[in-house]
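Note that the structure is predicted; figures quoted are calculated from it, not measured. Labels below follow one simple rule: chain letters A, B, ... track the order of the sequence lines, proteins then strands, and each chain is numbered from 1.
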Number of protein chains: 2
Amino acid sequence: MASGMDDRTTRVLRHIVEDYIATAEPVGSRTISKKMGQALSPATIRNIMADLEEAGFLAQPHTSAGRIPTGAGFRYYIDHLLLRQTLARGEMDQLHRAAGEGNGPADELVRQVSRLLSNLARQASVVVVSSPEHQVLRSVSLMRAGVERILLVTVMRGGWVQHRLIEGEPDHTGDELEKISAYLNELAEGRTLPQLRARILAELGKEKARYDRVMGRALAMGARALADAAPGEVFIEGRANILEQPEFAEDVDRLKRILRAFEEKSVIFRLLDRAMESRAIQVSVGLENTVEELPDISVVASGYRQGASSVGSIGLIGPVRMDYSRVIPLVEYAAGLLTTMFEDR
Amino acid sequence: MASGMDDRTTRVLRHIVEDYIATAEPVGSRTISKKMGQALSPATIRNIMADLEEAGFLAQPHTSAGRIPTGAGFRYYIDHLLLRQTLARGEMDQLHRAAGEGNGPADELVRQVSRLLSNLARQASVVVVSSPEHQVLRSVSLMRAGVERILLVTVMRGGWVQHRLIEGEPDHTGDELEKISAYLNELAEGRTLPQLRARILAELGKEKARYDRVMGRALAMGARALADAAPGEVFIEGRANILEQPEFAEDVDRLKRILRAFEEKSVIFRLLDRAMESRAIQVSVGLENTVEELPDISVVASGYRQGASSVGSIGLIGPVRMDYSRVIPLVEYAAGLLTTMFEDR
DNA sequence: ATTAGCACTCTCCTTGCCGGAGTGCTAACT
DNA sequence: AGTTAGCACTCCGGCAAGGAGAGTGCTAAT
């Protein structure tokens, strides 16, 4: 039935959506007639609009206003009508430069790209880093961090760094600690966290662990520090960009709801996790996204990968009225860039 | 002249400020008369109010509205009239618990306390961590982080952790890297960053550095990684709490200005740096704070220390109309708590 | 010095009215 | 049959007028 719409009808829908995206105002039949070169009179457009409304793609705020697209209208537009803009050379360059500046550990890189993405799209940008549980360790190190406090630093392939504090550990001499650290490092390299845990448990069972002090301490500390799974992370950049959207100028409550959602990392996680698995870009319009509190918010997101496994996703959050033709290629490019950057890490 | 106010006048001022803090509405003479037990009639209060207005402590939004305190009015109230509330047992407990949960590295601790402070005060909370330049190193470690990429991790006394990436470093064997790391760690422990830099330069000048490969590499890498001073950090928690303040419900622009300021770390830095040096709590009301864009914002902040040296400050940002009698003790307590926590680190 | 009384001012809310934008329907046109 | 011109209708937004309420400043009496 949706596919049963003829060409003329879909063209009208496209123009309505695009005009609404540009102006944030309800669109009238007159405007569309002009936009289409007066090939059709306003009256005809009105008939078509009535059909589109019946089909659920348009709605009227009140009897004598123009139409605005519904969630379904946007959905159809995105799925069938969207003409992607190509990124400007300059925008790509900027993104590359941002990636280059993120020369610290991985979170710096991701943050930098996210910030620029946010500025280019004039929306808030969100990055989710999935739990490092299934990433491969590159190195670990134990460092003295205080009296009876030792810090376990883990570096993953791709450059993610985490710390975990081990408290109440009896003090070791510097030399001893270095040996313990070296042994643990040897054990860790090339393994994922679950693999390392398993290996530690296996080693602990062996005879030797009971006699070799260095080995024993290393295994005990490793087991303790790695007991809990490391959680994922969420970065939000460019909240301020969202303030420029006219929909938030009038409706303060909506602004509040979305800002509150930003404080709840778990909400953001839920919003983006669909994009994480899939390889293609994901666009959730309004109600479709599973978060009850945000029926009027859209999320455009794409996963990025490290080699074959997905390690997170990057995207934009904003009002449903978003310039998808521009925003979708931007997010896609940013995700691709991250994937590339992680390739040679 | 300010001190020339008699007791009655100041009592009236106090009541006006407190009522305004509670209601966010202009306060009339009738209200104050009732509040003071009808000892004085509204007419008398009006005369006093006129005096206070002349002295610059009160203002009228328009001729026939009540009075609201000016910046100077708040200032006087804070400096001379304020009766601090004592913290509820429960609130102190909560703060302690939050500090206990921040059992990771220092930034976890600080973040946790900041978040709770924000929730208790119903304002946005800000923590500034001053540059670690003058803190004392506890340990450093070099870790493999990729092909020709090495990560230098530094842990300060107090538990602050930083990483710096060294790129284009030729690969070393694990064994070699551990030796280099160990040597650098030995050099670093107990020194501040500038001291370590100086020491590295001194060692580099020595004959031995040219022949001993381990030593040479260690010094070279140390010099490179530590070339730039590490910047300070800013954490903002509880932005959403600020949304509840009624002043922002009406005036969206003000909300936007402050949210935009939150995106600019340098602005926050400027706002809090006064508090960093001083030992006492600092309250900046409106225009007093040096940031042009935020004339109607107050900052309550206090530095926290690590031993004798101040390492940062924690505070609250919100509208000038803030419950100072409650908020000031809260911030003070939180700062004190952080100082205590860092004592045994 | 304080206060009662009163006229005055200003905001805010409601009401009513008008113009504009846009629709839906009908009847005529191709 | 589909398209279009014409027209009555609806609804919003802005504006002005009017009244209630809150609060003030001033004056005169205590």
Would you mind telling me which residue lines up with the more 5' stretch of DNA chain C, B:L40 or B:P61, judged by nearest nucleotide? B:L40

Separation of C:dT11 atom P from B:Q60 atom CD, nearest Å, is 11 Å

With respect to the side chain of A:R8, which nucleotide from C:dT23, C:dC10, D:dT3 is positioned closest? D:dT3

Proximal nucleotide (of D:dT4, D:dG25, C:dT23) relative to the B:E53 side chain: D:dG25

Give a yes/no answer on whether the side chain of B:S29 brings an N or O atom under 4.0 Å of OP1 or OP2 in D:dT24. yes

Would you mind reading off the distance between B:D51 atom CG and C:dA1 atom C1', rounded to a whole angstrom? 13 Å

B:I48 CD1 to D:dT24 C1', straight-line distance once rounded to whole Å: 15 Å

Using whole Å, what does the distance between atom P of nucleotide C:dC10 and atom CZ of B:R67 come to? 14 Å

Kindly check if the number of other-residue, nucleotide or ligand heavy atoms within 6.0 Å of CD (B:Q38) is above 12? yes

Is the glycosidic torsion of D:dA1 within 90° of 0, making it syn, or is it anti? syn

Side-chain contact check for A:S41: nearest option of D:dT4, C:dA4, C:dG24 is D:dT4

Side chain of B:A43 only, please: which of C:dA4, C:dT23, C:dT11 is the nearest? C:dA4

Spacing of A:H62 atom NE2 relative to D:dT10 atom P, expressed in whole Å: 15 Å

If we ignore angles and hydrogens, is there a donor and acceptor under 3.5 Å between the side chains of A:S298 and A:Y324? yes

Checking contacts here: which listed nucleotide (C:dC10, D:dT4, C:dT23) is nearest the side-chain heavy atoms of A:N47? D:dT4

Identify whether the distance between the nearest side-chain nitrogen and carboxylate oxygen of B:R84 and B:E332 falls below 4.0 Å. yes

Winner on side-chain proximity to A:M49, out of D:dG25, C:dT23, D:dC11, is C:dT23

Salt bridge present between B:R326 and B:E91 (N-O < 4.0 angstrom): yes

A:E25 has an atom CD; how far is it from atom P of C:dG20, in whole Å? 18 Å

In whole Å, what is the span from the CE atom of A:M36 to the P atom of D:dT3? 11 Å

Any N or O donor-acceptor pair under 3.5 Å from the base of C:dG24 to the side chain of A:R46? yes

Would you say B:T44 places a side-chain N or O within less than 4.0 Å of OP1 or OP2 belonging to C:dT3? yes

Any carboxylate oxygen within less than 4.0 angstrom of a Lys/Arg side-chain nitrogen, looking at A:D296 and A:R257? yes

Rounded to whole Å, CD1 of A:I68 lies from C1' of C:dG22 at a distance of 15 Å

Given the structure, check if the side chain of A:S64 and the base of D:dT10 hold any donor-acceptor pair shorter than 3.5 Å. yes

